[in-house]
Structures are given as C-alpha cells and as structure tokens.
Amino acid sequence: MTVVLEVADVRGGYGGADILNGTDLKLDEGEIVVIIGPNGAGKSTLMKAVFGLATIRSGSVSFFGRTITGMRADQVAKLGMSYVPQERNVFASLTVNENLEMGAYLRDDDFGPQIERIYELFPPLKERRRQQAGTLSGGERQMLAMGRALMLDPKLLLLDEPTAALSPRYAAETFERIREINALGITILMVEQNARQALEHADRGVVLVMGANRFEAPGPELLANREVAEMYLGG
Amino acid sequence: MELGGVIEYGLFFLSFVGIYALLSLGLNLQWGLTGQFNIGIAGFFAVGAYTSAILTTAPSPHHLGGFGMPLVVGLIFAMVLAGLVAVLVGLLTVRLRTDYLAIATIGIAEIIRLMLKNEEWLTNGVRGIPGIPRPFAETLGAGTLGQSDAVFLLVVVALILIVYLALEAARRSPWGRVLRAIRENEDGVRAAGKHIERFRLEAFVVGSMIMGLGGALFAHFVGFISPEAFTPEFATFLVWVMLIAGGSGNNKGAVLGALIIWLVWTGTEFLTSMAPPEYVTQAGALRLLMIGILVQVILLVRPDGLLPEETAERK
Amino acid sequence: MTDLLQLLVFGIVFGSILTLGAIGVSLIFGILRFAHFAHGDMMTVGAYFALIFVAQIGWPIYMALPAAMIGAALLAILIDQSVYRRLRRTAPVILLISSFGMALLLRAAVQLIWGTDNQVYQPGINVPYVVFDIRIKPDHLVIVGASVILVFAFHLFLKMTRMGKAMRAMSDNVDLARVSGIDSERVVIWTWVIGGALAAAAGVLLALDTRLNPQLGWNVLLPVFAATIVGGIGRVYGAIAGGMFIGIATELSTAVILPAYKPAVAFTLMVLVLILRPRGLVRGMN
C-alpha cells in the first residue's frame with residue numbers, strides 16, 4: 001500500500017507554546033481517517049501544520065514520500081493536497097461558480113469539466129451557481145467548501161469539522177458525500193467533534209490528547225473501547 | 001560668526017527643540033504608550049497657539065480679544081482648549097479601529113486649519129495674530145533679544161522637565177501599565193474587566209493637552225502666528241519623524257528624537273542654502289523630500305528608533 | 001431650484017472624481033488592510049504626469065490620461081516594492097505611518113520638479129453649454145464620461161478576469177485565498193496597478209476641473225476617505241455609491257455654508273456614518 005501522508009514526531013503551533021507535542025500519523029491510500037479528542041487537543045493545529053499554516057518546530061511531514069515540512073500552503077496545494085477550514089470556508093461575496101473557479105486558481109488547463117463533475121456530486125450547488133455564497137444555507141456552504149477543495153483534483157483532502165455547524169440530518173448527508181468523494185479514490189483526513197458518527201464512516205480513528213496520539217484503531221474498535229467511549233465519545 | 005551670535009543661535013535652536021520635544025512627548029503618550037494613531041497633531045498645536053495668543057495679546061480690532069491676560073492664564077487655557085477638542089475627537093473615535101482614528105484626527109486638523117483661515121473675527125484669517133508677548137517680557141523690560149531667548153529657553157526646559165517627570169511617573173504607574181496592556185492585548189484587558197475606552201480617552205486627552213502647551217509656547221516664542229505655521233508638514237509630520245527616530249514608547253527617546261531631527265532639519269536648511277539662488281523656492285521642497293526619505297529609511301532599518309522602549313519592564 | 005440643479009451638476013462631476021479615488025483606497029484596504037494616506041498625493045503626481053504629455057509632447061488630454069495612468073501604476077509598483085513590501089510583515093499601522101510619510105515625500109517631489117504655481121493643461125475659456133439655465137462645461141462631460149468608462153472597465157475586470165476574481169476573493173477572505181493557492185504577491189501588485197492608475201485618472205480629471213498645484217490631491221484626501229468609509233471601507237462597489245453621495249452632498253452644502261468648508265462637510269458626513277452605520281451605507285456587496 002502506498003503511504004499518502006506521514007507525520008513523524010511533530011512539535012509546534014502558532015509561535016507561542018507548542019500545541020503539538022510529538023504527534024505521529026500515517027495515512028494509506030484510499031483511507032478515511034478521523035481525528036477525535038477533547039477541545040484544545042491540537043486537532044485543527046495538526047491539520048494546519050500539515051498544510052503549512054502552522055509552524056512546525058521539529059519533526060517532519062511527508063506527502064507520497066516527499067518531505068513537505070514547512071512548505072507554504074500554496075506549494076502544498078500544488079502537490080495535490082486540499083484543505084477545507086472549519087469556519088469562513090467559502091468566499092461569501094463571490095458566486096458559487098466563482099468560488100469553484102478560485103478553487104481551480106492553480107490550474108492552467110480547462111477546468112470546465114471538473115466544475116460539472118462537482119455539480120454532479122452536489123446537485124443543489126448547480127441550481128445556485130449564480131448566487132452569492134454568503135446566501136447559501138449551512139449545508140450548501142459545506143458542500144461548496146468541499147467542492148472548492150476538490151477543484152484541484154487532490155489526492156488527499158483535509159476536512160476540519162465538516163459537520164460542526166450542521167443539523168443532524170445534514171451531518172448524516174455530509175458523511176455520505178465524504179464517502180462518495182472517498183470512492184473517487186481520494187484519501188481523506190478529517191477532524192470531527194461529532195466523533196461517534198464520524199467513526200462509523202471512517203476506516204480508522206486516532207485519539208489526540210494534549211497534542212500527542214493516545215489511541216489509534218479501526219473505527220468500530222474505537223467505538224467499542226470503553227475508555228475511549230467514556231472519555232471522548234460522551235459516554 | 002562671533003561668540004555672541006553663536007550663543008544667540010544656540011538659544012534659538014534649543015528653544016525650537018524644546019517646543020518639539022513637548023509635542024513629541026505628547027505623541028508618545030498617545031502612540032508610544034497607548035497605540036493611538038494621531039496624525040492631527042497640527043490641530044491641537046494650533047488650538048494651543050491661538051488660544052494663548054488671543055488671551056495674552058493686547059486688545060485688537062482684527063481678531064477676538066486680545067484680552068491682555070498673564071502668560072500663565074494663556075498656557076493653562078491653551079491646554080484646556082486642546083483637551084476639550086481632544087475629548088470631542090476621542091468620544092467620537094475611541095471605539096473605532098486605528099485607521100479611523102487616523103482619518104478622524106487628520107480631518108479635525110484640516111477643519112481647524114480651515115477655520116483659522118476663514119473665521120476672520122476669531123483669528124484675523126491669513127493675516128494672523130502679531131505681538132504675542134514673550135514670558136516675563138514686562139519684568140525684564142526691553143532687554144537685548146539674547147536675554148529674552150535665554151529666559152524663554154529656561155521656561156521651556158522647566159516645562160519639559162515637569163511634563164517628562166509626570167509622564168515617567170504615569171508610565172510606571174498602574175495606569176500606564178494598563179495603557180500598555182491595552183496596546184499589546186486589547187481583548188485580554190477587556191476580559192479583565194477594565195474600561196478600555198476610558199483609559200484610551202484619558203491618554204488621548206492628556207497627550208493632546210501637552211501638544212496644546214507646545215503650541216502656546218510656540219506662539220510666545222515666535223511672537224506672530226498665522227495658519228501657514230500649522231500645516232501637516234511642519235506641525236504633524238516632523239513630530240512623527242522625531243518620535244519614530246528617537247524610539248516610540250520611550251520618553252527619553254521622544255526628547256532625543258526632537259533634538260536629532262531638528263538638527264537634521266536645520267542641517268538640510270544649511271545644505272539647501274548653498275544652492276544657487278534661482279533654486280531658492282525649491283529648497284523647502286527638497287528639505288521635505290529628504291526628511292520624507294529619512295523616515296522611510298528609519299522604518300526599514302531601525303523601526304524601534306535610537307532608544308527602543310525598555311522591554312525589561314514588560315512581561 | 002435652478003441653483004440647486006446647478007450644484008447637483010457640480011456634485012455629479014466632483015462625485016465622479018471622488019469615486020475613482022475611493023475605489024483605489026477601498027481596494028488597497030481590502031487587500032492590504034491599511035488606509036493609504038498617500039493616495040491623494042498619488043492623484044497629484046498622476047495629474048502632473050499628464051501635464052508632461054500635454055505640455056511637452058503636445059498630446060490631447062484623452063491620450064495623456066491613459067499615459068499618466070500607466071505612469072502612476074508603475075510608480076505605485078515602485079513604491080510598493082521598494083518600501084511597503086518590506087514593511088508588510090510588521091504591523092499594518094507601520095504601513096500607515098509609512099504611507100503618511102510617502103504622501104509628503106511625493107508632494108515635495110512634485111514641488112521640486114514642477115514648482116508651486118497653479119498650472120492648467122490648456123489655457124483658454126471652457127465655454128459652457130446652457131441647458132435650462134444650467135451651465136455645463138464641456139470639461140464636465142469629459143470628466144463624467146471618462147469616470148463612467150473607467151468604472152465600467154474596472155467592473156468588467158473584477159467580474160470577468162481571473163485576476164479580478166482573485167482580487168475579490170482575497171479581499172473577502174485572505175486565509176482561504178492562500179489555501180486555494182492564490183499568489184498573494186501578484187494580487188498585491190495588481191492592486192497597486194489599479195489603485196495607482198485610477199488615482200492618476202482622478203487627479204487628471206480634478207486638475208481639468210480646477211487647476212494643477214502640489215496640494216491638488218491632498219486637498220481632496222478627506223472627501224476621498226469619506227467616500228470610502230461611507231461606501232463601507234474595503235467594499236469596492238460601495239466606493240462608487242460613497243463617491244457620488246459625498247460629491248453631491250458637499251456641493252449642495254455650499255448653498256448654505258462657505259465653500260471653503262467643503263472638506264468639513266465631507267468629514268462630518270463620514271463621522272456620522274461611522275457612528276450610525278459603522279459598516280457603511282451599502283450592505284452585502286463586496
């Protein structure tokens with residue numbers, strides 16, 4: 001199996017005290033891996049560190065065997081990794097279609113067919129293609145955010161709390177979409193507050209505590225683990 | 001140049017340094033300590049100058065007053081009026097972000113300049129106010145000019161000392177610590193339950209009062225004021241260059257910056273005076289150009305100034 | 001009534017000029033997050049660039065205008081790359097100080113090169129058309145026409161081109177723009193190209209309406225800022241509405257107060273907007 005992403009003993013944060021204290025992570029091609037853990041455990045920071053948005057003080061990150069530690073975000077994006085932030089993840093004043101165009105900013109070829117594929121994956125977006133993204137509902141916004149990230153045809157997609165602001169119905173739907181995206185051959189790493197549901201859809205779960213991994217196991221196994229269930233899945 | 005001339009020039013030079021040092025100290029309280037961006041110094045400077053001039057000159061049919069009052073009254077009211085204008089500006093802008101305060105202060109300064117030009121009943125318009133008395137002019141009688149310069153310099157130095165010591169005490173006081181904390185981390189201070197707007201307003205008003213005092217002293221030093229003297233170039237920009245060069249956040253730096261930049265400024269006058277006479281009208285522009293370049297160089301090379309803020313006291 | 005309509009004409013003319021300046025200030029604020037205090041003096045420099053082409057080469061104004069815009073765009077890039085770019089890593093307020101210094105530096109350079117006397121592009125009287133007792137000078141039509149064309153061209157640029165969209169994206173959400181791989185340095189350079197060029201156009205048109213002198217742009221900096229803020233700072237389309245609003249309001253105000261206080265009127269309106277609607281009069285649009 002090809003290793004897509006390997007994070008080795010990463011320490012760092014945003015310049016102040018370290019938030020990540022020796023985090024390890026390994027993703028195989030085609031996997032869905034979910035990171036869970038208490039607030040402030042460094043889940044989002046880990047994602048940002050991978051994508052070049054947080055400072056890595058020591059340790060290394062590699063993507064398909066290539067070291068990307070300390071690379072700028074746009075350089076990382078060029079290599080085939082996309083990132084969907086948790087908040088403010090669409091250009092609110094741009095139209096839906098323009099948001100997707102911005103997602104393809106690094107592409108020099110004709111990305112028209114890719115936009116059509118995104119609309120096939122998220123049909124509600126097509127109806128609203130000329131509408132400003134700021135007018136979309138929470139669920140549609142999340143679709144657009146993912147659509148934007150998929151415009152570069154990434155091999156790895158990072159999702160920071162994709163269901164955080166959504167109602168349970170939309171959350172379930174979003175997990176379905178994530179599986180569809182995964183079925184296209186895209187490896188997925190996500191952070192989820194909605195841990196129980198996320199683990200049901202994931203191949204593997206990683207529990208992050210105080211910036212270091214505490215547990216790592218296939219989804220069902222973690223769900224069955226009593227300690228994990230009590231401490232991090234809300235009983 | 002004979003010795004008497006040198007001394008006379010020295011007194012003249014240092015008096016200007018003193019006046020600018022007061023402006024720079026006032027700005028340091030607003031910007032250096034509190035992080036408030038005032039680029040309308042000229043406005044507070046002008047209010048101070050005109051207030052004291054109108055109060056202390058002999059009665060004139062050309063402008064309001066004069067009221068022939070003692071100099072001390074002039075100085076006090078110069079501070080009070082500059083403070084009142086600052087309260088007005090401050091109340092309007094204290095909640096707004098830095099850019100808005102900057103725009104608001106420059107707006108007020110421009111409006112004050114327009115009023116000085118157009119409200120002839122008050123200021124005699126562009127013709128200005130002459131005959132503004134020197135300190136202790138009556139007691140000294142009609143002595144030589146040098147004597148009067150020396151006395152003036154003493155008064156300025158005494159006032160700088162008072163202001164400097166007061167500002168240093170304020171900086172070290174709990175009040176000063178709150179101001180710095182606001183500058184560094186506004187939300188943190190707010191969370192600690194402090195009324196940020198009040199602290200900001202206080203610093204802004206006190207800083208502006210010091211600028212008003214500087215303006216009054218300027219009026220009494222040169223003896224004649226007109227709107228020309230209160231352009232943003234001379235009354236605002238030079239002060240900023242002084243504070244940045246000296247080291248914002250540091251009161252010693254504010255005074256040192258006034259000395260050095262006034263030296264440079266005078267030096268550019270000396271340089272441009274050597275140019276052929278047909279270029280004499282361009283000389284002023286050339287001096288400003290040099291200072292304009294100097295400030296960019298300082299910002300690029302030594303943004304903390306010659307005497308950076310003492311960081312040991314900070315956490 | 002005629003008087004008010006006459007003032008309305010002046011207001012539309014002045015508003016067309018302010019709009020061009022305000023678009024630049026708003027765009028620069030949206031992308032770089034600082035109020036550009038040298039914008040008025042950038043207008044002045046642009047106006048004098050056009051004078052070179054008119055007076056020395058003998059070009060008509062409609063050729064000198066684009067030439068001056070190109071010149072000012074290049075100057076803006078030069079200023080950004082030599083000074084602002086190096087200060088961008090520090091606090092935005094340092095850029096504010098620097099741009100204030102740059103304002104005086106540019107003005108001093110203009111005085112040094114072109115002197116302090118009033119100058120005009122073309123001597124002679126601009127004979128006005130009289131329509132229902134309202135006097136409209138040919139230059140007024142040129143000013144409003146040029147402004148409309150430039151604003152429309154800018155609108156097309158924002159809506160149709162990849163760089164225009166990237167600009168809107170970056171001013172909307174810098175972090176997401178970076179995540180999407182948008183090259184922020186290129187966007188910044190284009191911001192200066194457009195800000196500088198439109199400032200030059202505003203300066204040329206203002207000089208056409210009045211006279212060239214080194215204070216030309218500085219004197220309207222306050223109304224330009226007022227227009228920007230009234231329109232909602234950082235919102236390019238708001239700047240158009242803000243420019244027309246401030247232009248018309250200040251001209252109409254001369255019916256009751258001294259014309260010398262026009263900047264004060266603009267300032268008062270701006271302060272009122274800041275207090276009552278801190279996010280500007282125009283909502284939603286970027």
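So you know, we letter chains A, B, ... as the sequences are listed, proteins then strands, and number each from 1.
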Looking at [atom1] of [X] and [atom2] of [Y], how far apart are the two atoms once the value is rounded to the nearest 0.5 Å?
X: A/Leu94; Y: C/Arg168; atom1: CG; atom2: CZ; answer: 4.5 Å
X: C/Arg162; Y: A/Glu101; atom1: CZ; atom2: CD; answer: 10.0 Å
X: C/Asp172; Y: A/Asn99; atom1: CG; atom2: CG; answer: 8.0 Å

Exercise for review: Output the residues of residues 16-31 of chain C for which the shortest heavy-atom distance to chain A is under 4.5 Å, in residue-number order; output 'none' if no such residue exists.
Suggested key: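 Heavy-atom contacts from residues 16-31 of chain C to chain A are absent.
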Practice item. Taking heavy atoms only and a threshold strictly under 4.5 Å, list by residue number the residues of residues 40-69 of chain A that touch chain C; give 'none' if the list is empty. Key: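 Hits under 4.5 Å: A/Phe51, A/Leu53.
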Exercise for review: Would you mind checking which part of A/Arg72 comes under 4.5 Å of any heavy atom in chain C, side chain (CB onward), backbone (N, CA, C, O), both or neither?
Suggested key: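 For A/Arg72, there is no contact with chain C at all, as no heavy atom is under 4.5 Å.
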Point to revise | Greatest number of heavy atom pairs closer than 4.5 Å to chain C - which of A/Leu106, A/Leu152, A/Thr135 | key: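 Of A/Leu106, A/Leu152, A/Thr135, A/Leu106 has the most heavy-atom pairs under 4.5 Å with chain C.
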Review point. Taking every heavy-atom pair that is under 4.5 Å apart, which of A/Ala73, A/Gly103, A/Ala92 has the most such pairs with chain C?
Key: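 Result: the option with the highest number of such pairs is A/Ala92.
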Point to revise | Taking every non-hydrogen atom, the tightest pair across A/Tyr105 and C/Ala166 | key: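 Distance-wise, the nearest heavy atoms are CE1-CB, 3.6 Å.
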Practice item. For a side chain to side chain contact (heavy atoms under 4.5 Å, CB included) with C/Leu176, tell me which candidate from A/Arg88, A/Arg148, A/Glu87, A/Met102 qualifies. Key: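 Option passing the side chain to side chain contact (heavy atoms under 4.5 Å, CB included) with C/Leu176: A/Arg148.
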Check your understanding: More than 12 foreign heavy atoms under 6.0 Å from CZ of C/Arg186: is that the case here?
Key ->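 It does not: C/Arg186 CZ has 12 such atoms or fewer within range.
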